[in-house]
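Read the structure below first, then the notes.
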Amino acid sequence: MILRVALPWRNGLRFRVPSGSRGCCRSAHNTLRNDDGRPIVISPPLVSLDIPDDWAPCPAHSCFSSPISSSNEQTATVIDGKFIADEIKTRIGSEVRRMKEGIGMVPGLAVIVVGYRRDSQTYVRNKMMACAEVGIKSMVAQLPEDCTKDQLLGALSSFDADPSVHGILVQLPLPQHLDEGKVLDVLRPEKDVDGFHPLNMGNLAMRGREPLFIPCTPKGCIEMLLRSGVEIAGRKATVIGRSNIVGLPTSLLLQRHHATVSIVHAFTKNPELITFVIDVGTNPVEDPSSEHGYRLTGDVCYEEAVRVASAITPVPGGVGPMTIAMLLSNTLDSAKRVYAFT
Ligand SMILES: Nc1nc(=O)c2c([nH]1)NC[C@@H]1CN(c3ccc(C(=O)N[C@@H](CCC(=O)O)C(=O)O)cc3)C=[N+]21
């Protein structure tokens, strides 16, 4: 029997599908909880959906329910993002070496961090380590939590004026008092390796145009699919969430690859069915036994989904390393463009 799982999404809550039951959306909904019992708000995982023939309609809740396995057998292919990211990093490393030997230059990445959020510190540290691995020069500007808009813009413009910096990333989220939109507007599209500038986003959305950079997480998701042999053209894909940094660019990128895209968000009335899960969630949970006192978990209840989905990406080891690999790739592309190095 093909086993699939319904992971309907509503109001940003994680779904736990009761095992051994024929779970429909609402019955599963009651068990949606974080590890400490609180419902959690999610950032969007990307999923694809198809309603299989063996699913029964659930008229009470306008959705479908799946035959759910009571065994612990794993049916999902687990996509190893870390492994794929390592392959990509190896290629980037040799390109950086070729550039250094050819023209004596290396790509440079600058990261601006405001405040001391524990998760941001981890991501930035991972980005710096990845730069070092492939030979990209990296710089960090660490600004205090209470820094002013002018201090932040000052850091931005000095990196902007530095010709050895080919990519600038402002680590998000920023503290409340700083306006993300205004800050990102100031970053020139040519160094916007996150691809968040409206010009890059607009060009991503329009046919016949090419953005200078594609946002790293969406690009990493697509790259992971392509390298896992998943054909995207003609498939139905559902993106859960519509944030500027993940949901929106992911839906645009899927359309570029000729998928039929639906976008599900807090106002969506009908829950969705998901068989193929790419989990973009990064939720820090307390874990005294981990090195930094916490560990990352995704948005999807992995232990349950892995038994019934057709494919899934884990957290950690899925989208995170791919995001970093794409950041390195964008920085390399930027330097190649600046030096006209092919
Ligand atoms: N301007 C900006 N650009 C971003 O790309 C950006 C951002 N802001 N803000 C936060 C999110 C999140 N993000 C991650 C990067 C690496 C891991 C990562 O390395 N994850 C590892 C392990 C993490 C760990 O060591 O705990 C993994 O999943 O295997 C995760 C998440 C980038 N983001």
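Indexing begins at 1, ligand by ligand and atom by atom, following the structure's order. Because the structure is predicted, anything quoted here is derived from the model rather than measured.
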ask   = Is Ile245 linked to Val124 within one hydrophobic cluster, defined over Ile, Leu, Val, Met, Phe, Trp and Tyr using a side-chain heavy-atom separation of less than 4.5 Å?
value = yes
Margin query: Counting only nitrogen or oxygen atoms and a 3.5 angstrom limit, does Asn126 reach ligand 1?
Written below: yes
- Message: Just to check, does Cys216 reach to within less than 4.0 Å of ligand 1 when the distance is taken from its heavy atoms?
- Response: no
Sorted by chain and residue number, the side-chain contact (heavy atoms from CB on, under 4.5 Å) partners of Asn126 (sequence neighbours excluded) come out as Thr122, Met129, Ile324
Practice task
Would you check if the side chain of His257 reaches a backbone N or O of Glu231 as a donor-acceptor pair within less than 3.5 Å?
Solution key: no
Under 3.5 Å, N or O to N or O, is Ile324 touching ligand 1 that way? no
Margin query: Using a 3.5 Å cut-off on N or O atoms only, is Val170 in polar contact with ligand 1?
Written below: yes
Determine yes or no for a side-chain-to-main-chain donor-acceptor pair under 3.5 angstrom, with Asn200 supplying the side chain and Leu212 the backbone. yes
Atom 31 (C) of ligand 1 sits nearest the protein heavy atom Tyr123 CE2, 3.3 Å
Note: Ile245, heavy atoms under 4.0 Å from ligand 1, region reported as neither
Item checked: Basic-acidic side-chain contact under 4.0 Å: Asp179, Lys149 -> no
Counting from 1 in the order shown, the ligand 1 atoms closer than 4.0 Å to a non-hydrogen atom of Thr122 are 24 (C), 25 (O)
of all protein heavy atoms, closest to atom 8 (N) of ligand 1 is Leu172 N, 3.0 Å
the protein heavy atom lying closest to atom 20 (N) of ligand 1 turns out to be Gly320 CA, 3.7 Å
Residues Val165 and Ala110: closest non-hydrogen pair is CG1-CB, 3.8 Å
The closest protein heavy-atom partner of atom 29 (O) of ligand 1 is Gly317 N, 2.6 Å
Without swapping roles, check the side chain of His258 against the backbone of Gly234 for a donor-acceptor pair under 3.5 Å. no
among protein heavy atoms, the one nearest atom 26 (O) of ligand 1 is Leu296 CG, 3.9 Å
dist Asn283:CG -> Thr297:OG1 (nearest 0.5 Å) comes out at 6.5 Å
Counting heavy atoms under 4.0 Å, the part of Pro316 that contacts ligand 1 is both
Starting from the C-alpha separation in whole Å, work towards a yes-or-no answer on salt bridge (charged side-chain N to carboxylate O under 4.0 Å, His left out) for Asp333 and Lys336. CA-CA 5 Å; Asp333 288 350; Lys336 282 184 170 177; 5.2 Å; no
Is there a nitrogen or oxygen of Asp194 sitting under 3.5 Å from a nitrogen or oxygen of ligand 1? yes
* Asked: Any nitrogen or oxygen of Thr282, main chain or side chain, under 3.5 Å from a nitrogen or oxygen of ligand 1?
  -> no
| request: Validate the cation-pi geometry between Arg337 and Phe213: distance from NZ or CZ to the six-membered ring centre under 6.0 Å, angle to the ring axis within 45°. | output: yes
Honestly, for Lys127 the part within reach of ligand 1 (heavy atoms, under 4.0 Å) is side chain
For atom 7 (C) of ligand 1, the closest protein heavy atom turns out to be Gln171 NE2, 3.5 Å
